[in-house]
Structure formats: C-alpha cells, structure tokens
Number of protein chains: 2
Amino acid sequence: MQDIDAIDRTILSILSQEARIPMKSLAGRIGLSRSATTERVSRLEKAGVIRGYRADIGQLEEGTIQAFLLVTLKRTPSIGVLDRLAGFSAVRKVSSVSGQLDLVVEVEVGSINALNELRNEVATMDNVEDLTTSIVLRRDIERS
Amino acid sequence: MQDIDAIDRTILSILSQEARIPMKSLAGRIGLSRSATTERVSRLEKAGVIRGYRADIGQLEEGTIQAFLLVTLKRTPSIGVLDRLAGFSAVRKVSSVSGQLDLVVEVEVGSINALNELRNEVATMDNVEDLTTSIVLRRDIERS
DNA sequence: CGATGCATCCGGCAATATGCCGGTTGCACC
DNA sequence: GGTGCAACCGGCATATTGCCGGATGCATCG
C-alpha cells in the first residue's frame, strides 16, 4: 500500500497528461486489468499522491505576450537583480541556471511596448552584463 | 460561436477543479442537456481554450533536475523535432520563440545522466543546428 | 414574406466504460 | 499445512459515451 512502484509512476505520467482517459485504456497501456488499474488509481488518490484532476485552460486573455529574458550577469550571485525582478508583476518565473547564462526569466506582458520597457529596465540594471529577449510565438508543449 | 459566454465560464471553472466529472453530471450542474454540454466542451477543446486534462500530482520525487535546452534549428518550422520532443516524458514545456533561438525546451529529469542522454538525443536530431543546456540551479521566483 | 443556412439545443439507441463483487494467485508468517 | 493479506483477474448490472436525426430560434436574402 505504501510503495510507489514503476507501474504507479507510469500511471501518474499518463494521467498527468491525459486525465480523462478511460480506466480501461489506461489499463491497456500499462498492461494490467481494468480492475487492478482502477484500484491503483484510487489508492493513489486516497494517498494524496493524486490531488485531483484539472482542466488545463489556455489563456483567456487574448492580448498577452510571453517572453524569455536570457540574462548574463557580471558577477553572481545577484540578490539585487532578483529583488528588482520580483518587483515586476510581469515576471512569472526566474531560474538561476548553469553555463554561459545566469538567469532565465519568464515574463508575461500586455503589449510589445510593455515588453520593451521591461527589457530596458532589466538591461540597465547594474549587474546585468548581457540580455537576450525571445518572444514566445507559440506554446508547443505544456505539461502539468 | 466564438464567444465564451457565462455557461462556458461555468464549464471551465468546474472542469478546472474536477476534470474527470462525467459529462452527464456536468450537464446537470449547468442545466443543459448532456449532448449540448458535450458539444460545448469539445468546442472549447478544439478552440484551444481547454488545452488538456492533467492529474494534479502531489509531491513526487525530491531529486529531480530541471534544465532549459535552448535550441537553434537549421530551418523552421520543424514538426519532426516537436514530435520527437513530445515523445520524451522529461520534456515539460516547449515554446517557439523569436530571435536567434528557435525553441526553449524545459525539461525535468531524474539525474545528470538522464539529462546528458536527452541532450545528446536532441543535439543529434536532423534539424537541430545548435543546442545550449542550462541546468536550473535554483528557482528564484515562481508565480502561478 | 418565405426560403435558406446556421448555431444550438434535445432525446434515443447502440457501444463502451464503470462500480461492485466473488474468485484466484503468490507470499510471508506462525 | 493453515491463515492472513495484497494484488490480480473476469463477469455482470448499471452508468456513461459517441453518434445520430430532428426541433427551435435567428439572421440573411431574393
């Protein structure tokens, strides 16, 4: 009742992408009977591993623009930059990464103008060495 | 046909909480027949308002590694690359972007080895010109 | 005005999926 | 060997789905 084994992981990965799949099809994919599959799923639900099932709703607002700001800093870490980024409501996510880059900043703005302003703000921060802006043209894959 | 009316919004709010609810029950809650409800839902799906249905998974593994793969393609678009990316369960999100880059791929893997393998797979795809891997060292900001 | 097209709704029927249950198997433990 | 248990399977009655024909309201157009 306790382990999350390989089959459970398969179930979770399938359900996290296709939550409305019939139990019978799920059973077919993992090679178990329907009843065994149903039991596993309801165990996962009761154990709280599966918290629920959600429809993934696209953005209702038509005019929003998403973009990535790829930031290289002059020196790391940079608390100041992070604090200032956190101050922008357009900033959705900031990740510190390894390699040439230092920060990947995901933003969501209402217009190209807003993006340009944000870009300028970030580019002129003290510790920012380089900044590449990539506008999201299309969201090709998005999971959980 | 194109409006998202009050009924649609009700449908979305119910489905975003209980994605596996039978269409019949959903119909009962919003006061429409089952077939009309089904039609509305599938319209919302086709219009891309509903992107999919996801199981909401509680805490899974602790030791996962997240990374960005910054991909430059030889030519765009590239259906083949997208299809193959979709085949990797580690791939969480793929965005087509403007600028020097073409794709921003967000991945989540269990180990550095898995990341390297994935990186190699992607790097050797026909249409991939250049690939930069940036491992997420820290998630600094994350907003719903 | 009447005809046409269209979006939306309803209900019905066959096919499919689900809930529930009894029965089997493998395994650990005394 | 006997008992308890977790996990599996299949079957049957019931619920849900996919698919269809048909009704209704409404705008358009000759």
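Since the model is a prediction, treat every value here as computed from it, not as a measurement. Chain identifiers are assigned alphabetically (A, B, ...) following the order of the sequence lines, protein sequences preceding nucleic acid strands; residue numbering begins at 1 within each chain.
- Test A:L131, A:T124, A:T132 against A:R119 for side chain to side chain contact (heavy atoms under 4.5 Å, CB included) and you get one pass: A:L131.
- Between the CG atom of B:L26 and the P atom of D:dA15 there is a distance of 19 Å, rounded to whole Å.
- Not a single side-chain hydrogen bond (donor to acceptor under 3.5 Å, both in side chains) links B:T38 to another residue, sequence neighbours left out.
- Among residues two or more places apart in sequence or in another chain, the side-chain contact (heavy atoms from CB on, under 4.5 Å) test is passed with A:A114 by A:V109, A:S111.
- Regarding B:I7, its CD1 atom lies at a distance of 17 Å from the P atom of C:dA7, rounded to whole Å.
- Atom CZ in B:R29 sits roughly 13 Å away from atom P in D:dT16 (whole-Å rounding).
- If you run side chain to side chain contact (heavy atoms under 4.5 Å, CB included) between A:V122 and each of A:V81, A:L103, A:L69, only A:L69 comes through.
- No donor-acceptor pair under 3.5 Å is formed between the side chain of A:K93 and the backbone N or O of A:V104.
- For the pair B:E39 CD and D:dT17 C1', the interatomic distance rounds to 14 Å; values are reported in whole Å.
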- [ ] Quick one, give me the B/S/- string for nucleotides 22-28 of chain C, reading 5' to 3', where B means a protein heavy atom under 4.0 Å from the base and S means that only happens at the primed atoms, P, OP1 or OP2.
- [x] -------
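- Atom CG in B:D5 sits about 9 Å away from atom P in C:dT8, given to the nearest Å.
- Under the 4.0 Å criterion applied to side-chain N and carboxylate O atoms, B:R40 and B:D5 are assigned as salt-bridge partners.
- If you measure from atom CG of B:L32 to atom C1' of C:dG11, you get 14 Å, rounded to the nearest angstrom.
- When atom types are taken as modelled, the side chain of A:S134 and the backbone of B:G99 share no donor-acceptor pair closer than 3.5 angstrom.
- Side-chain N/O atoms of A:R40 include one lying less than 4.0 angstrom from OP1 or OP2 on D:dC8.
- Using a distance-only test at 3.5 Å, with no hydrogens or angles considered, no donor-acceptor pair links the side chain of B:R92 to the main chain of B:V107.
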Tell me which donor-acceptor pairs under 3.5 Å the side chains of residues 20-28 of chain B have, and how far apart each pair is, sequence neighbours excluded?
{"unit_1": "B:R20", "atom_1": "NH1", "unit_2": "A:A19", "atom_2": "O", "d": "2.6"}
{"unit_1": "B:R20", "atom_1": "NH1", "unit_2": "A:I21", "atom_2": "O", "d": "2.9"}
{"unit_1": "B:R20", "atom_1": "NH2", "unit_2": "A:I21", "atom_2": "O", "d": "3.4"}

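- Tracing side-chain contacts under 4.5 Å through hydrophobic residues (I, L, V, M, F, W, Y), one reaches B:V49 starting from B:L32; they form part of the same cluster.
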- [ ] Could you run through nucleotides 12-19 of chain C and give me one letter per nucleotide, 5' to 3': B if any protein heavy atom sits under 4.0 Å from the base, S if only the sugar-phosphate is that close, - if neither?
- [x] B----SBB
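- One end of the helix from C:dC1-D:dG30 to C:dC30-D:dG1 points its axis 20° away from the other end's axis, with each axis taken from 5 pairs and the angle rounded to 10°.
- For the pair A:S98 (side chain) and B:I135 (backbone), a donor-acceptor distance under 3.5 Å is present.
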